[in-house]
Undergrad: 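Below is the structure I would like to discuss, written out as structure tokens.
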Amino acid sequence: IDQGLCMASLSDGYLEFRSRVNSIIRTMTIPLVQKFIWHMFITKDSDFVELYGLSILPQIKVCDPSVYEYILEKVVFDDFSFETADDILRALQGSYSCMGITCNDVGELNGRQDGCSDDISATLRGYEITDQTLLPRIVFDRDILQIKVLATMGAWESALDLYAYGQNVVVGGSLNSLKDLVISKIDTLHLGDNFQGFAGKFDDVDEYINAALVGDDMFIDASNDQRIEGVGRMLQGLVTYLYALGELQNASANCGVDPLFNSLSSWDMGAAYLMGSIKANIDEYHSDDFGQAWFALANEMCDYFGTCVSSGKAHASESLVDDLNTGKELLKAKSCTELSLLLEEDITPTILVPLIQGMLHYAVENEELSSSSESGSLAAGDALSRAIIPVMNAIDSDKSMQIMTNMKFEKGGSKPVEDGAERVFADVAAMIDGLKVDCYEIGDHASVVRSICEFQENSNGSENPSPGAGFVSLAGGDYISGTDVSNEAKIALDVKDMQSKDNIDAMRTVYKNGGNSLSSDDQPQSLATLSTTSFPRMSEDPMYNYFRHTFRSIGQDEEGERLGVFDDEPVEQYGDTLVTDLMELNQIEVVKEAPIVTNVWMTVTHHLYEAVRECQSMYVSGADGFNLDGDLFTDEDNVYYIERDLDLAAAYYIGEGQLKGDKNSGFLLYNLAEKIAPEFNQDTGGVSQVNKKILDVMNGIKSDIIDQGLCM
């Protein structure tokens with residue numbers, strides 16, 4: 001003050017003043033923490049413990065919500081119990097950095113050897129940070145959370161100040177801000193041409209955030225909720241995503257260049273900006289709702305689109321962690337081509353998934369609103385769309401502009417999502433292949449009858465034709481059918497429905513009646529009919545006859561039944577008999593898999609045999625022939641039927657909803673192979689050895705035999 005620095009530049013005056021004030025506040029917190037600990041262990045007075053707990057909990061809430069929830073329950077909502085003191089202390093010590101204090105600042109109560117450590121965890125949701133010097137920088141998401149809290153409370157000037165000058169990220173002894181990240185970091189990254197000059201430069205991102213914080217420009221008449229969502233979703237959906245992607249691309253670009261440490265640091269930073277530091281540090285207190293980075297967005301959106309896995313997390317987020325760990329190993333091994341491919345084909349498309357989901361979700365939410373609505377979802381949809389539209393623009397500029405118009409936040413302007421959410425879904429579906437994103441990764445929005453995959457099929461069938469009418473992408477595109485086998489692939493949904501039931505009667509109803517799948521002649525089929533109607537179709541199949549022979553022998557020789565009978569039923573439907581017997585025995589868990597390994601398995605083999613027979617018939621005749629109905633058909637028709645049976649085999653093997661190499665999605669034989677492979681160390685490379693071999697062979701039959709005309 002005496003030096004007049006408040007009248008000098010911000011760097012000389014205001015920022016120094018601000019820094020020292022923050023230091024005072026941090027120091028004032030220390031006695032509160034000490035008194036809290038002292039009362040827990042010395043007086044054991046629950047009233048004092050509650051008092052001092054409440055004096056420090058607000059600081060913890062805005063940077064470590066799971067610890068906040070834990071301590072709040074233990075000392076406020078419940079009567080404090082001394083038996084929990086050690087656990088509470090450990091949780092508290094893990095949050096010292098939230099309050100800007102250290103173990104040394106607090107000290108040890110009466111010489112207690114409590115093992116306090118200031119080390120920040122280097123493990124982010126299964127990914128280990130190699131460069132320990134980066135750890136102070138990974139708490140950027142605390143700034144995002146605190147900006148939103150300040151804005152929620154109407155402290156907009158303080159929120160703007162925190163955005164501009166930072167609060168939690170310290171680099172080289174100085175605070176780094178989110179504004180620094182936007183205006184001085186992102187534009188130096190290897191992001192390609194998609195984001196350069198599209199609807200503004202990166203300075204425009206800073207202008208957008210400032211406008212929301214100040215209430216200016218497009219936010220001049222916006223509600224508080226809209227301004228908060230505009231800031232939060234822009235930081236979460238575009239800024240952290242772009243910075244992370246740029247760091248990963250920097251690492252890949254420098255792969256093989258010494259020192260290795262530099263590229264590893266970039267890879268770590270990219271991973272950190274996707275995951276963020278805010279997570280559930282107390283197992284039973286999940287704070288993903290408070291996460292502010294890409295990871296939290298993915299876990300939020302999976303609920304709306306049915307893409308959460310058994311852990312409750314998004315398939316995209318769990319898949320990303322695996323890929324990031326794989327990428328780090330490739331970087332260390334200097335396997336640069338493989339790393340580049342992983343980043344382009346797997347990581348980047350995965351990163352896009354929750355951004356697309358978020359935009360689609362808000363399209364559904366916003367189409368019901370008017371432009372005068374105060375709902376924050378209008379700004380949220382606009383902000384998230386700005387993250388994905390530049391990428392789509394490189395694929396189809398017209399559709400991208402149409403999406404941008406529909407998602408634009410314009411208070412008092414044209415109606416939100418004027419063309420309807422289905423138009424946005426259809427436009428995204430038309431570009432989804434260009435984004436290298438499997439439509440099944442997007443999933444089905446709960447309020448939309450048709451899935452994004454069905455929108456894609458409709459789009460591909462008209463404006464963007466693809467090879468073979470009604471082609472279907474299976475296992476994340478590892479197998480692309482040339483014929484429409486979508487109805488048959490839905491038999492997987494019967495298995496899904498069966499496995500969701502908790503009693504045999506309900507399972508039997510699904511098994512017998514189906515409800516999801518149609519056969520090749522467009523007739524309803526079920527898991528049961530795959531077996532009960534098998535003989536006319538499979539009578540010449542070798543494997544089917546081996547099974548018939550075996551079960552006929554069991555029935556006649558072992559059980560004394562008449563020839564051709566197994567458990568009082570025709571031996572031809574042995575699969576159905578086995579499943580039915582298990583139901584009678586109330587073997588619920590076994591019944592969940594039985595139709596897959598009996599009826600579905602044999603159906604796959606049938607269509608493989610049928611494709612071979614059709615190829616043989618075409619090769620022998622070398623000319624036009626007759627189909628099973630006696631109708632004349634051409635060589636072209638013959639090729640279609642050969643390919644169709646191969647496609648059907650793949651459809652029944654993989655089924656709808658199966659993601660590539662994923663044991664937590666899908667319900668048929670592909671999924672079965674993925675689940676058992678790790679038990680035999682056969683899941684290296686992301687896809688089980690069995691599934692890789694089967695699909696390699698199937699795709700090879702198409703490319704090397706069918707497409708080359710060798711059946712003729």
Undergrad: Kindly indicate whether the side chain of Lys490, heavy atoms from C-beta on, has any atom under 4.5 Å from the side chain of Leu518.
TA: no
Undergrad: With distance as the sole test, does Asp541 use its side chain to make a donor-acceptor pair with the main-chain N or O of Tyr544 at under 3.5 Å?
TA: no
Undergrad: Less than 4.5 Å apart, side chain to side chain, heavy atoms only: is that true for Asn250 and Met269?
TA: no
Undergrad: Would you check if the side chain of Asn325 reaches a backbone N or O of Tyr127 as a donor-acceptor pair within less than 3.5 Å?
TA: no
Undergrad: Using only atom types and a distance under 3.5 Å, with no angle test, would you say the side chain of Arg508 pairs donor to acceptor with the backbone of Asn503?
TA: no
Undergrad: Hey, could you give me the CD1/CD1 distance between Ile504 and Ile588, rounded to the nearest 0.5 Å?
TA: 5.0 Å
Undergrad: Does a side-chain heavy-atom distance below 4.5 Å link Leu474 with Asp647?
TA: no
Undergrad: May I have the step-by-step check of side-chain contact (heavy atoms from CB on, under 4.5 Å) for Tyr670 and Val687, ending in yes or no?
TA: CA-CA 10 Å; Tyr670 183 104; Val687 178; 3.9 Å; yes
Undergrad: Measure the spacing between CG of Asp662 and NZ of Lys675 and express it to the nearest 0.5 Å.
TA: 10.0 Å
Undergrad: Between Ile432 and Val428, does a side-chain contact (heavy atoms from CB on, under 4.5 Å) hold up when you go through it step by step?
TA: CA-CA 6 Å; Ile432 203 78; Val428 171; 4.1 Å; yes
Undergrad: Which residue pairs pass the salt bridge (charged side-chain N to carboxylate O under 4.0 Å, His left out) test with at least one member in residues 295-307, sequence neighbours excluded?
TA: Arg233-Glu300
Undergrad: Do Glu365 and Tyr304 touch side chain to side chain, with heavy atoms closer than 4.5 Å?
TA: no
Undergrad: Would you say that more than 12 heavy atoms from the other residues, nucleotides or ligands in this model lie under 6.0 Å from the NZ of Lys693, or not?
TA: no
Undergrad: Determine the minimum heavy-atom distance between Glu441 and Gln357, stating which atoms define it.
TA: O-NE2, 3.5 Å
Undergrad: Donor-acceptor check, side chain of Ser500 to backbone of Asp497, threshold 3.5 angstrom: yes or no?
TA: yes
Undergrad: Look only at the side chain of Asn699 and the backbone of Leu695, and say whether a donor-acceptor pair between them is shorter than 3.5 Å.
TA: yes
Undergrad: In the structure I gave you, are the side-chain heavy atoms of Leu360 and His445 within less than 4.5 Å of one another anywhere?
TA: no
Undergrad: Taking Trp294's backbone N and O only, do any of them form a donor-acceptor pair with Gln236's side chain (distance below 3.5 Å, no angle check)?
TA: no
Undergrad: Would you say Glu367's side chain and Val417's backbone share a donor-acceptor pair under 3.5 angstrom?
TA: no
Undergrad: Kindly compute the distance separating CZ (Phe295) from CD (Glu318), expressed to the nearest 0.5 Å.
TA: 7.0 Å
Undergrad: How far does CG of Leu669 sit from CD1 of Ile694, to the nearest 0.5 angstrom?
TA: 8.0 Å
Undergrad: Could you tell me if the side chain of Met507 sits less than 4.5 Å from the side chain of Lys592, heavy atoms only?
TA: yes
Undergrad: Dump the intermediate steps for side-chain contact (heavy atoms from CB on, under 4.5 Å) on Asp268 and Lys328, then the final yes or no.
TA: CA-CA 8 Å; Asp268 282 348; Lys328 178 184 281 191; 3.4 Å; yes
Undergrad: How many angstroms lie between OG1 in Thr307 and CG in Leu659, if you round to the nearest 0.5 Å?
TA: 8.5 Å
Undergrad: Using atom types as modelled and distance alone, determine if a side-chain donor or acceptor of Asp444 lies under 3.5 Å from a backbone N or O of Phe305.
TA: no
Undergrad: Identify the heavy atoms of Gly327 and Trp267 that sit nearest to each other, and give their distance.
TA: CA-CZ2, 3.6 Å
Undergrad: Scan residues 334-360 for pairs that pass salt bridge (charged side-chain N to carboxylate O under 4.0 Å, His left out), counting only residues two or more places apart or in two chains.
TA: Asp258-Lys334, Glu344-Lys436, Glu345-Lys436
Undergrad: Checking the side chain of Ser385 only, and the main-chain atoms of Met404 only, is there a donor and an acceptor separated by less than 3.5 Å?
TA: no
Undergrad: Passes side-chain contact (heavy atoms from CB on, under 4.5 Å), Ser400 versus Met431? Steps please.
TA: CA-CA 9 Å; Ser400 298; Met431 295 183 278; 3.9 Å; yes
Undergrad: Got a sec: does the NZ of Lys496 have more than 12 other heavy atoms crowding it under 6.0 Å?
TA: no
Undergrad: Check Ser377 against Tyr362 and note the closest heavy-atom contact, atom names and distance.
TA: CB-CD2, 3.5 Å
Undergrad: Hey, which of Asp141, Ile144, Leu245 is the one that makes side-chain contact (heavy atoms from CB on, under 4.5 Å) with Thr240?
TA: Ile144
Undergrad: Less than 4.5 Å apart, side chain to side chain, heavy atoms only: is that true for Met392 and Met359?
TA: yes
Undergrad: Provide the closest heavy-atom pair for Ala528 versus Asp576 in the form atom of the first, atom of the second, distance.
TA: CB-OD1, 3.8 Å
Undergrad: Taking side chain as C-beta onward, heavy atoms only, is Asn691 less than 4.5 Å from Asp478?
TA: no
Undergrad: Is it true that a side-chain atom of Lys702 and a backbone atom of Tyr479 form a donor plus acceptor pair closer than 3.5 Å?
TA: no
Undergrad: Look up atom CG in Leu342 and atom OG1 in Thr337, then write down how far apart they are to the nearest 0.5 Å.
TA: 12.5 Å
Undergrad: Indicate yes or no: does Asp382 engage Arg386 in a salt bridge with an N to O separation below 4.0 Å.
TA: yes
Undergrad: If every non-hydrogen atom of Leu668 is compared with every non-hydrogen atom of Gly655, which pair is closest and at what distance?
TA: CD1-CA, 3.5 Å
Undergrad: If you compare all heavy atoms of Glu488 against all heavy atoms of Tyr652, which two are closest, and at what distance to 0.1 Å?
TA: CG-OH, 3.4 Å
